[in-house]
Amino acid sequence: MLAPSGPRRSSSRRATSLRVVLYAMALTVACSATSDAQERGGFEAKVEYCKTCHGLSAQGYRGWFPMPRLAGQQPQYLENQLRAFIERRRTNPVMANVAHVLSPAMVASLATHMKNLDPKPIGGAPKGSIGLGKRIYEEGLPESNVPACAACHGSDGKGQNEIPRLAGQLYEYTVGQLTGWAKVRGQGSAVDTSAIMAPTAHNLTRSQVEAVAAYVSYLQ
Amino acid sequence: MKRIGLKTALLAMLACIGPAMAWDGASVRNCTWCHGTSAQGYTVAPRLAGQRPAYLESQMRSFRDHTRDNPFSKQYMWGAVAALDPRAARDLAAYFAAIPPKPANDGDANLMAKGKAIYMDGIPEANIASCYACHGPNAEGVGEIPRVGGLAYFYVKARLEQWGQGYHSGIGTPMPIVARSLGPNEIEALASYLSFVR
């Protein structure tokens with residue numbers, strides 16, 4: 001009666017060790033799959049991922065949210081904003097998670113890549129107040145304490161260093177940022193480099209915002 | 001019991017056909033043969049009720065230009081829209097967009113939470129984009145971006161698979177790239193979640 005229990009016990013032990021081996025193998029496969037995915041999820045895949053929302057040539061895209069143009073953007077500005085999303089200095093329902101998984105090296109490569117893209121502006125902004133927009137952009141509104149945009153963003157709207165390019169930016173995005181500045185930007189206690197924009201955005205009326213946004217959206 | 005049920009069903013069907021007949025019986029009926037009498041979708045034909053009118057128009061254009069090229073589109077829709085002029089397409093789009101949509105509710109309810117998480121946040125480390133960014137918080141769509149909330153499980157699953165296989169829905173849309181990053185588990189979860197969104 002005892003005889004059968006011997007082999008059975010040893011077979012169950014064998015089964016256990018087999019299970020361990022299988023588990024280890026599965027783990028190895030899983031790990032190598034992850035590293036494969038990371039390899040595939042390298043730079044090219046990440047660029048493609050950015051462009052699924054920001055437009056296939058990074059010219060911006062009109063989704064549920066207006067997704068800003070990244071093409072030609074100043075690298076330092078992009079890096080600052082990605083950090084701002086992570087640190088919740090800039091509120092955004094999607095970008096905090098997107099930015100969180102990017103390594104500093106990846107951020108630098110992406111920023112350089114975007115800087116070198118030069119698609120045509122996406123267009124589509126109303127053209128009625130472009131003249132007013134140009135005047136505000138180049139001369140500001142001294143009576144309302146609005147400095148000339150060109151003073152910092154450049155007369156061609158290309159920006160420099162941490163000051164963003166505005167040329168070709170999606171109209172709805174610029175309108176959204178300028179009208180929602182106080183709610184979205186400069187959150188938390190950390191000092192925001194774009195602090196100067198808070199009073200400027202505040203001092204612009206809705207129609208002035210629309211005029212400037214339309215003007216810069218057509219700058220090449 | 002059974003007979004009353006049948007009568008009620010017939011009455012309900014007639015009630016649904018009613019408004020369609022009032023507009024332009026023939027062309028609407030051409031659509032509803034397959035898309036269901038109240039345009040809520042039927043087997044492989046997707047729901048048209050409540051769909052974004054600009055999206056419906058863009059798809060009818062894509063069928064006509066043969067740029068939406070998945071098998072069922074080729075088989076049914078290329079012929080169906082061939083003789084449709086742009087004005088008729090716009091009228092049909094407006095008509096179907098105005099019908100209140102009903103969710104299909106035919107996905108796996110156990111996958112809802114997973115599907116919703118992918119819908120809202122994507123999976124950034126796997127380069128899976130957030131659906132929410134384009135399709136909106138309630139999957140209602142905007143402009144040419146379709147309402148995907150409440151579409152049938154089978155339809156959403158099939159479309160996501162087809163984009164991943166290299167089919168198109170038009171020129172310059174991001175969906176083939178989006179779908180390429182999705183695995184079968186993510187597709188199942190998304191299609192399940194969306195089927196319950198109202």
Side-chain angles (χ1 to χ4, degrees), chain A residues 30-31 33-68 70 82 85-86 91-103 106-107 109-110 113 119-120 122-124 170-173 176, chain B residues 51-55 58 67 114 116-149 159-160 163-164 166 168-187 190 194 197:
Chain A
C31 289
T34 319
S35 74
D36 278 357
Q38 275 162 354
E39 232 161 86
R40 270 187 289 115
F43 176 69
E44 293 301 327
K46 194 54 87 177
V47 168
E48 235 182 25
Y49 167 70
C50 300
K51 291 178 180 175
T52 55
C53 285
H54 290 273
L56 297 179
S57 28
Q59 79 281 29
Y61 189 72
R62 295 185 167 93
W64 179 261
F65 300 101
M67 255 74 77
L70 302 179
L82 287 169
F85 290 129
I86 296 171
T91 314
N92 187 286
V94 174
M95 285 304 299
N97 290 323
V98 170
H100 202 81
V101 301
L102 301 176
S103 68
M106 180 64 86
V107 168
S109 312
L110 288 172
H113 175 84
K120 279 208 159 29
I122 189 169
L170 200 67
Y171 169 75
E172 293 86 343
Y173 172 77
Chain B
Q51 190 49 277
R52 298 281 140 215
Y55 168 75
S58 79
T67 46
K114 184 183 173 194
K116 183 172 187 177
I118 299 173
Y119 182 86
M120 296 306 286
D121 297 329
I123 306 180
E125 50 273 54
N127 295 322
I128 294 173
S130 150
C131 315
Y132 161 47
C134 286
H135 290 276
N138 208 32
E140 55 272 73
V142 59
E144 288 193 6
I145 298 169
R147 176 193 292 278
V148 288
R159 294 307 309 285
L160 288 171
W163 278 308
H168 304 86
S169 50
I171 293 168
T173 79
M175 283 311 295
I177 299 176
V178 173
R180 223 182 297 151
S181 64
L182 294 168
N185 293 337
E186 282 106 32
I187 288 179
L190 278 170
L194 287 171
V197 174

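Computed from heavy atoms alone, side chains included, the values below leave out hydrogens, waters and symmetry copies. Below, read A as the first sequence line, B as the second, and so on, with proteins coming before strands; counting in each chain starts at 1.
Of the listed residues (B:Pro174, B:Ala133, B:Ser130, B:Ala129), the one with the most heavy-atom contacts under 4.5 Å to chain A is B:Ala133. Ranked by heavy-atom pairs under 4.5 Å with chain A, the list B:Pro137, B:Gly172, B:Ser181, B:Ala126 is led by B:Pro137.
Under the 4.5 Å side-chain criterion, counting only non-hydrogen atoms from C-beta, B:Tyr132 is in contact with A:Val94.
Once rounded to the nearest 0.5 Å, the distance linking CD of B:Glu144 with CZ of A:Arg62 reads 11.5 Å. Considering OG1 of B:Thr173 and OH of A:Tyr61, their distance stands at 7.0 Å, rounded to 0.5 Å.
Smallest separation of non-hydrogen atoms from B:Pro124 and A:Val101: CB-CG2, 3.7 Å. In terms of heavy-atom proximity, B:Ile145 sits nearest to A:Gly63 at CD1-CA, 3.4 Å. Nearest heavy-atom pair across A:Pro93 and B:Asp121 is O-OD1, 4.4 Å.
For B:Glu140, the part lying under 4.5 angstrom from a heavy atom of chain A is the side chain only.
Atom NZ of B:Lys116 sits in a sparse spot, with 12 or fewer heavy atoms from other residues, nucleotides or ligands closer than 6.0 Å.
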